[in-house]
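Okay, structure first, notes after.
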Amino acid sequence: MIEMQDVWKEYNNGVTALQGVSVRIAQGEFVYVVGPSGAGKSTFIKLMYREERPTKGHIFVGGFNIERLRDRQIPFMRRHVGVIFQDFKLLQKLTVEENVAFAMEVIEASKRLTRKRVKEMLELVGLVDKAKMFPNELSGGEQQRVAVARALVNKPSVIVADEPTGNLDPDNSWQILKLFERVNDRGTTIVMATHNRELVNATRKRVIAIEQGQIARDEERGDYGYED
Amino acid sequence: MIEMQDVWKEYNNGVTALQGVSVRIAQGEFVYVVGPSGAGKSTFIKLMYREERPTKGHIFVGGFNIERLRDRQIPFMRRHVGVIFQDFKLLQKLTVEENVAFAMEVIEASKRLTRKRVKEMLELVGLVDKAKMFPNELSGGEQQRVAVARALVNKPSVIVADEPTGNLDPDNSWQILKLFERVNDRGTTIVMATHNRELVNATRKRVIAIEQGQIARDEERGDYGYED
Amino acid sequence: MPETRNAGITAMKIRTYGRHGKEGFKNLFRNGWMTFAAVSGVAVTLLILGVSLIISVNLQNILTNIESELQFNAYVMDQVPTSQLPAIKHEISSLGGIKQVTLITKEQALSTMKKTLGPNADLLNGLGNPLPNEFVVKADSPKTIPQLASLVSKIKGIQKVQYGASFIPRMLSIFTIVRDTSVIFIIALVIMGMFLISNTIKITIFTRRREIEIMKLVGATDGFIRGPFFVEGTLLGLIGAFIPSVILNQGYYFIQKNVVLFPPFALMPDPIVMNRVLPILYAVGLLIGAWGGIMSMRRYLRV
Amino acid sequence: MPETRNAGITAMKIRTYGRHGKEGFKNLFRNGWMTFAAVSGVAVTLLILGVSLIISVNLQNILTNIESELQFNAYVMDQVPTSQLPAIKHEISSLGGIKQVTLITKEQALSTMKKTLGPNADLLNGLGNPLPNEFVVKADSPKTIPQLASLVSKIKGIQKVQYGASFIPRMLSIFTIVRDTSVIFIIALVIMGMFLISNTIKITIFTRRREIEIMKLVGATDGFIRGPFFVEGTLLGLIGAFIPSVILNQGYYFIQKNVVLFPPFALMPDPIVMNRVLPILYAVGLLIGAWGGIMSMRRYLRV
Ligand SMILES: Nc1ncnc2c1ncn2[C@@H]1O[C@H](COP(=O)(O)OP(=O)(O)OP(=O)(O)O)[C@@H](O)[C@H]1O
Ligand SMILES: Nc1ncnc2c1ncn2[C@@H]1O[C@H](COP(=O)(O)OP(=O)(O)OP(=O)(O)O)[C@@H](O)[C@H]1O
Ligand SMILES: [Mg+2]
Ligand SMILES: [Mg+2]
């Protein structure tokens, strides 16, 4: 369960990215976050795993009270949230499989389980043959798929994805979406910021539209909107 | 004019990204490059401004014989090619306007002209109010628009863009595309790798489809293809 | 989900320590020339430190040697019979701070004088012996010489005490200055060396701040991230100390064997010097390598 | 498009040099603590180098002072009349490499001896003067003393020449060793200092390799990218040399004024030392700052 209560976010340079956002996302929901560039989607998402801290308001994610969290508890909260970053954030010194495995090493999973899960995930995103490569040897879309694999490998109870298909062709985008839907079917909450009108309109899930830091629309089975 | 003659590209790790690509793009053409993730689109584009060098074959861009170019001539070639990188490649230590101005300082344009052009470009991409911010204070889409502004500010004779709308909402994507069309109308060659089916299908320009390092399709007034 | 999740902090598994060791070792190679730059920076700094330490240790030793040779003479009154000389000697010896008392009889003194005069010595013939019996007194510390001399001069039977009055204080002030300077210099050098090394490591880690931030965002605890850095820093400090220690050991051994110097200026034997110098090098290298690395990455952990 | 484009290489506009200066200066601040780390690294290295140089310069000076005091004695035959002494003195002086010749008459020698003997001096009374006339000879260089002594001994009227035969060669070997060691040490230190500084700068630039690559991809020439780096490196070296030069100047001035030492061990005056030491610091700082920076960025320009 994710809940935000009147959340404001003002960055250090004075930009107010979010202004009084309140939202409730139940466990197991699938939510699209849409909106124009610079509207505050990434900020909205970054608050959920505490990459950014709200200036005001309360945030709860899967039983954790985000602002009250002590520094040493943060990593344990983050292990319940799989994140796909807009800029991938892969570890450049690790190979593809090591990057994915890293998320499991962090929770001290056994070597055998790690190997098995990593292999599964790389198969799902279609990167088995690139397992030994380093991120800077991959195409943009391949890097994005590594990020997806890393976010899912731990079977987190929440997945937040910031434009996870921005660098992918429609085919691959669909594949990732189907992967998300499968994971979602098993009860995982999914919050996905996206610009992909095709995906949103074709799947009809809950859509939260953010504009200028505020929730402009929140529809069950909504569409992308912004048609001209 | 851009011409490739039987171009091959094998990366150091043994991946063959392009296999015998031959293509001719006339001055003033507008070309979409499409294809699945990892097909070789970015490689194809990187060869045009010599970020990567071909393993075999010949490349000519706007009068320059790319492989024959002496090291000290490379910068002068690059000034005729405006590049929008898939990963933006903004200078993190410079503000938005300084990033855009940099491309003009490099050609030692006068201060006055630089100021004027930078302002124009920031207006065109809608970032005037973010002029004094640093790249890490921008959203993904805003960074991408800065990259667009920097590529266009010099009025280069060729523009190569690697997924310039990957991080943009449909509205902003359309705006960028219209900007490209205006520039194209003035005689600038545009080569744009994209995954955006909507844009490609709506504008009907020449489409080069790359699959597994080879040109699979090259159509005047083509569509995105890959419909399922 | 229950609120009890907040208590989810557990001790690290043993297996994980193994991983840290392996990763730390791997990183050393993955960071390629950066590791090389850091190690060589540490090595050069410690080499300078080591050479200075060796010089300082030897200097201290030479000063001690010279000091121990400082002495004064006590002349015995002519009327004191030879049989009483041992008693006086004993009296002098029993003063605190005396290192050695040597009797030079008037006969010994005369023959020394004759040697000094050389061919003119004949001139002393038929004169009898005009010279007195004397004691040569060495003190534990040269600083106490003036004081001891005045005590000795008051002993019954001692006519006069003589020492290089102008020479000793002058020597002493120089000794004190050289010694204090060299200690201050070495301490300053150790601090500066620590600064230089931690500076190098700080910059090295700065290049990896993004890496650290990403790990943090993926759910790694501070300890988990620190582990490999700790191993890497330790290895870095160890190698960085090992190189100069080998150079210094071999180099000093060679010099000490081949450069023949005379007693007060002699170089101290290899093992004694190295036993004092090498531990300092390893301590500085290891401490700053491991601990400094951990400290300078701390700021990037605040994500 | 015409092939003539290949000839599009032009000289840089004057305005652009102004830009380089401004950008280089700005970068110093924009790189924040990185600049601080680099500058302080350079400063500390140069401080160590400077202190060593000062010590070395003074050591050389002290050795020269001591050497100049080394001397030998030439005893005149008894039968030579006093009137002939000036002639002998002149003969000694006219040998090459003689610094000073002083006559000590037998009367002066006797009174000195009486002073040495103190109360026992009476014993010499009625003896006449058994001591010879002598010359005290100082040489330009202590190395020539044995040779000069043998020449002087052959002069007519000279009976015997005496010098601390065991003392001089021993002193000399130590002097030579100390001097050579300190020169080698300083040269090694300069090289290591250069290495440390260029290492720091190399790592600093490594953190900016992406920046350099991007500039290259946007069409900047190597010269255009180097410009601000050159300015930044120069400033960095300048500041890094300025800090220790101020510390050394003030510190040495203070020490030299407050520490009173006696002639052969006296510290050299402030301006003379600084005139020798500071140029070396600035040279090392500037050279490595500017040139080293440019060199270590070279590899990132290959884009
Ligand atoms: N670290 C930051 N410091 C300062 N301002 C920031 C920072 N990150 C984002 N902003 C500003 O906050 C606003 C919202 O940014 P955000 O990244 O949330 O947008 P977004 O909806 O994700 O946009 P996009 O679709 O382009 O990714 C923008 O105006 C941006 O300039
Ligand atoms: N620097 C590199 N070193 C090694 N291999 C590389 C490098 N860059 C790309 N590759 C490989 O070359 C192939 C083509 O990559 P390219 O970036 O051209 O794909 P792309 O068509 O742009 O894909 P995307 O749509 O995902 O950006 C990929 O298989 C990739 O793994
Ligand atoms: Mg965003
Ligand atoms: Mg690509």
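Letters A, B, ... are given to chains in the order of the sequence lines, protein chains preceding strands, and every chain is numbered from 1.
Distance check: C/Thr45 OG1 to D/Phe195 CZ gives 9.0 Å after rounding to the nearest 0.5 Å. The OG atom of D/Ser182 sits 9.0 Å away from the CD1 atom of C/Ile55 when rounded to the nearest 0.5 Å. Separating the OG1 atom in C/Thr207 from the CD1 atom in D/Ile203 is a distance of 8.0 Å, to the nearest 0.5 Å.
Taking all atoms of both residues into account, the shortest heavy-atom contact from C/Asn199 to D/Ser40 is ND2-OG, 3.4 Å.
More than 12 heavy atoms of other shown residues, nucleotides or ligands fall within 6.0 angstrom of atom CZ in D/Phe185. More than 12 heavy atoms of other residues, nucleotides or ligands sit less than 6.0 Å from atom CZ of C/Arg299.
Both the backbone and the side chain of D/Met192 come within contact range of chain C, judged by heavy atoms closer than 4.5 Å.
Here C/Val44 is the residue among C/Val51, C/Thr200, C/Val44 with the most heavy-atom pairs under 4.5 Å with chain D.
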